[in-house]
Each structure stands twice: as C-alpha cells, then as structure tokens.
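For ligands, and for the atoms within them, numbers begin at 1 and follow the listed sequence. We're numbering straight along the sequence, starting at 1.
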Amino acid sequence: MTEQSEISGSGRRRVRGFGIVGAGVISATHADAIASLPGARLAAVTDVEPDRAKTFAARHDCAAEPDLDALLARDDIDVVSVCVPSGLHAEAGMRAAAAGKHLIVEKPIDVSLPAADRLIAATRAAGVVMTVISQHRFDQGLIELRRLLDDGQLGRLVLGEASTKWYRSQAYYDSGAWRGTWAFDGGSLMNQGIHYLDLLLWSMGPVIEVSALYSTETHQMEAEDAALAVLRFASGAVGTVVASTAVYPGFAQRLEISGTGGTVVIEDGEIIRCELSADHADPGLRGSLTARGGSASAATANPAGLGVDSHAAQIGDFLDALDEGRAPAVSAEDGRAALQVVCAVYESARDGRAVRLSAASAMPGNAPGSS
Ligand SMILES: NC(=O)c1ccc[n+]([C@@H]2O[C@H](COP(=O)([O-])OP(=O)(O)OC[C@H]3O[C@@H](n4cnc5c(N)ncnc54)[C@H](O)[C@@H]3O)[C@@H](O)[C@H]2O)c1
C-alpha cells in the first residue's frame with residue numbers, strides 16, 4: 001500500500017492508489033476525477049480487450065495490466081473503480097474485495113438483488129469499504145435540497161417525482177453487446193433513470209409499493225426504452241418515476257419534491273424553482289435558491305458528455321470517509337435500495353400488478369462500517 005501523504009483542503013490525507021477495471025466510456029471520467037483529487041493516484045487499468053487498456057493507460061499515464069488478477073496483485077492499489085458492464089459489477093467487485101481493495105462501483109450496484117447481496121456480503125467479510133456511484137447527489141442543487149430537507153423547510157413530504165426523458169440512438173445500443181440486455185444492463189430505468197430515482201429515494205425515503213408499466217417501442221433491444229411507475233413511500237407520501245431513452249432529442253433530468261412547506265424543482269442538478277411558504281418574508285433566500293447557472297449535465301443525448309466534478313466530489317468524499325473511518329455519503333445499501341425499486345418496477349410491469357416492498361427490506365442499514 002502507498003505510504004505517501006498529501007495536504008488536501010480537508011487536512012492531511014494519505015495518498016491512495018487506484019485501479020480501474022473496464023476501460024470504456026465511464027472509466028475516463030474516473031481517471032479524470034482521480035487526477036483532480038489530492039490523495040488519489042491512478043496506478044493501473046485492465047480490460048478484457050487488452051488494446052483498450054493499453055490505449056487508456058497511455059492517455060491517463062498509468063500501467064495496463066493483462067487481467068484483473070494482475071491488477072489486484074499490485075500493492076500500490078488500495079481502491080478499485082468497477083467500470084465494467086453492470087451485470088458484471090458484483091463478480092469483479094467480489095474479487096477486488098477478496099484481495100482487500102476498497103470499492104467504487106459504478107451504478108447500478110448490479111442488475112439483480114442476489115448479485116448485489118453477494119457483493120455487499122463480500123465487502124463486509126473482507127472489511128473493505130464500498131460506495132456506489134450516484135454522482136448527482138453532489139450537484140449543487142441537490143446539496144441545497146438536502147439542506148432544505150434536513151432543516152425541515154419542506155415540512156411533511158407529500159409528493160415526489162423523478163423524470164429522465166433522454167434519447168439514445170440505435171447505434172448506442174449496438175455499440176456494446178451488453179447494452180440493453182436484461183442480463184447485463186437493463187433498460188432506460190436501470191441504466192439512465194436510476195440516477196434520479198436514487199435522488200428521489202434520498203429525498204422522500206424508502207418505497208413500499210410500486211405499480212408500473214414499461215414498453216420497448218423505438219429500439220432493437222431486449223429491455224425497455226420507456227418505463228413509468230407510481231410509488232408509495234413508507235412515510236405515506238406518493239410519487240412517480242419516469243425513464244426513457246426514446247424521447248427525442250432528450251430533455252433535462254427533473255426532480256420535483258413537494259411538502260407541506262413548499263416545493264423544490266431541480267433540472268440537471270440545479271434548483272430552477274424553490275417556493276417555500278415560510279420564504280415570503282425572506283426574499284433574499286428565495287432569490288438565491290431560484291438562481292440558475294450553467295447546466296450540470298450534457299448527457300441528455302450523448303453518454304460521453306458527462307462532467308467530471310460530481311464524480312470527483314463523490315470519490316473525494318469516499319477518500320475522506322476512509323481517512324475518517326466513517327461510512328461514505330453514498331453507501332452500498334443506498335445502491336441496493338435504488339436497484340430494489342428498479343427490480344420492483346420491472347416485476348410490476350411484467351406481472352401487471354402492484355408490488356409491495358417490506359419496509360424492513362426497503363430501509364437497509366446506513367450505519368458507518370455497514371458497507
Ligand atoms: N455514473 C454515470 O453517469 C455512468 C455513465 C456511463 C456508464 N456508467 C456505468 O458504467 C458501467 C460501464 O459503462 P460504459 O458505458 O463505460 O461501458 P463500456 O462498454 O463503454 O465499457 C465497459 C468496458 O468493460 C470492459 N469489460 C467487459 N467485461 C470485462 C471484464 N470481465 N473484465 C474487464 N473488463 C471488462 C469492456 O471491454 C469495456 O471496455 C455501467 O455499469 C454503466 O451503468 C455510469
């Protein structure tokens with residue numbers, strides 16, 4: 001393990017070595033995020049396609065290892081970023097955990113709950129820490145929404161809606177044999193919509209009932225390119241989630257949270273509307289929260305058009321969590337909770353009935369060290 005340390009904004013942080021498994025679209029975001037962080041150094045990459053690993057290694061100034069075992073054998077790697085197709089996350093993650101590596105797993109945690117549970121059990125057995133990427137929790141508008149929720153300014157929550165109306169071409173689905181398959185990817189909700197679904201769960205709390213429909217109308221793919229569901233939350237509040245990759249030309253991802261104290265509307269990571277009943281005596285606060293800056297996401301139609309900052313913020317939080325011996329902001333159980341709702345949407349749509357989730361299984365532990 002690396003012994004160096006660096007001064008960062010949050011204090012002295014040990015420099016941790018990173019390895020990346022899977023050198024495709026999202027791995028470049030991980031490499032750029034790691035490069036931007038004090039306390040992180042990219043040591044090596046591996047891919048089943050050796051040329052991809054070599055090209056990636058040359059571009060990002062790291063070693064290319066011939067396979068995952070060789071990468072895991074390196075003692076200058078403390079953390080492994082799992083960037084392989086979604087249905088391979090648990091398999092790669094379990095091997096990395098068994099080698100004593102901490103884990104940053106791309107979303108979704110995997111595509112089935114048994115696989116997610118095997119991975120979580122493996123990290124616990126190995127005593128390593130894991131986060132599942134949900135980078136939009138670190139977007140500015142979500143940080144402000146979190147503060148409003150924690151301060152109780154939205155009151156008792158009543159209605160929450162998450163919408164991802166994006167566009168992906170047939171060429172996107174044809175670009176990898178795994179894309180759009182049930183076994184390795186899932187459809188528009190599992191891959192694209194899960195980001196704002198996670199934000200909805202983070203805001204509204206766990207879901208206990210799901211009624212859903214899905215369809216595949218415009219792409220040659222196994223899984224759905226449009227899904228919508230009506231949700232009941234454990235709190236008694238209700239909501240909706242919509243996800244599609246068939247909405248041309250693609251629109252901003254949207255989150256709307258309403259409570260007895262008011263409503264916040266977010267588009268692409270920024271608050272575009274904040275109406276608080278208590279606010280009418282405080283126009284300064286209202287003014288700052290309704291302000292709108294540049295867009296946090298350019299991925300509405302282009303999967304490679306993603307910014308690096310939010311990934312860097314989540315990976316930075318993960319490094320702080322390792323240093324401080326606390327749980328990361330996004331736990332493995334958070335990743336499982338989002339997957340559980342996606343699976344319930346698919347089950348409800350297939351069976352034509354409402355699916356109930358037990359409150360216990362819908363509220364996994366979030367305690368420090370639980371991942
Ligand atoms: N957080 C985000 O915004 C975001 C964006 C895009 C993708 N993702 C996630 O990242 C993951 C990868 O997506 P992508 O678009 O980069 O896919 P991709 O197909 O571009 O890249 C995957 C890479 O993994 C390699 N690979 C496959 N099996 C492997 C194995 N067993 N061992 C080593 N390498 C293997 C492939 O050769 C390929 O290079 C998916 O889970 C996806 O959901 C997240």
Enquirer: What donor-acceptor contacts under 3.5 angstrom involve side-chain atoms of residues 47-56, with partners at least two apart or in another chain?
Expert:
from, atom 1, to, atom 2, distance (Å)
Asp47, OD1, Glu49, N, 2.8
Asp47, OD2, Ala23, N, 2.6
Thr55, OG1, Asp51, O, 2.9

Enquirer: Would you list the pairs meeting salt bridge (charged side-chain N to carboxylate O under 4.0 Å, His left out) in which at least one residue belongs to residues 152-165, sequence neighbours left out?
Expert: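 Not a single pair qualifies under salt bridge (charged side-chain N to carboxylate O under 4.0 Å, His left out).
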
Enquirer: Kindly tell me which protein residues have any non-hydrogen atom under 4.0 angstrom away from an atom of ligand 1, grouped by chain and ordered by number?
Expert: Val21, Gly22, Ala23, Gly24, Val25, Ile26, Asp47, Val48, Glu49, Arg52, Cys83, Val84, Pro85, Ser86, Leu88, His89, Glu106, Lys107, Pro108, Ile133, Gln135, Trp178, Arg179, His195, Leu306, His311

Enquirer: Test of understanding: with side-chain contact (heavy atoms from CB on, under 4.5 Å), list the residues that count as partners of Asp174, not counting sequence neighbours.
Expert: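 Once residues adjacent in sequence are excluded, the partners of Asp174 under the side-chain contact (heavy atoms from CB on, under 4.5 Å) criterion are Gln170.
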
Enquirer: Restricting to non-hydrogen atoms, name the atom on Leu119 and the atom on His89 that form the minimum distance, rounded to 0.1 Å.
Expert: CD2-O, 4.3 Å

Enquirer: Where do Arg137 and Ile143 come nearest, in terms of heavy atoms and distance?
Expert: O-CG1, 4.1 Å

Enquirer: Does the separation of the ring centres of Trp202 and Phe233 fall below 6.0 angstrom?
Expert: no

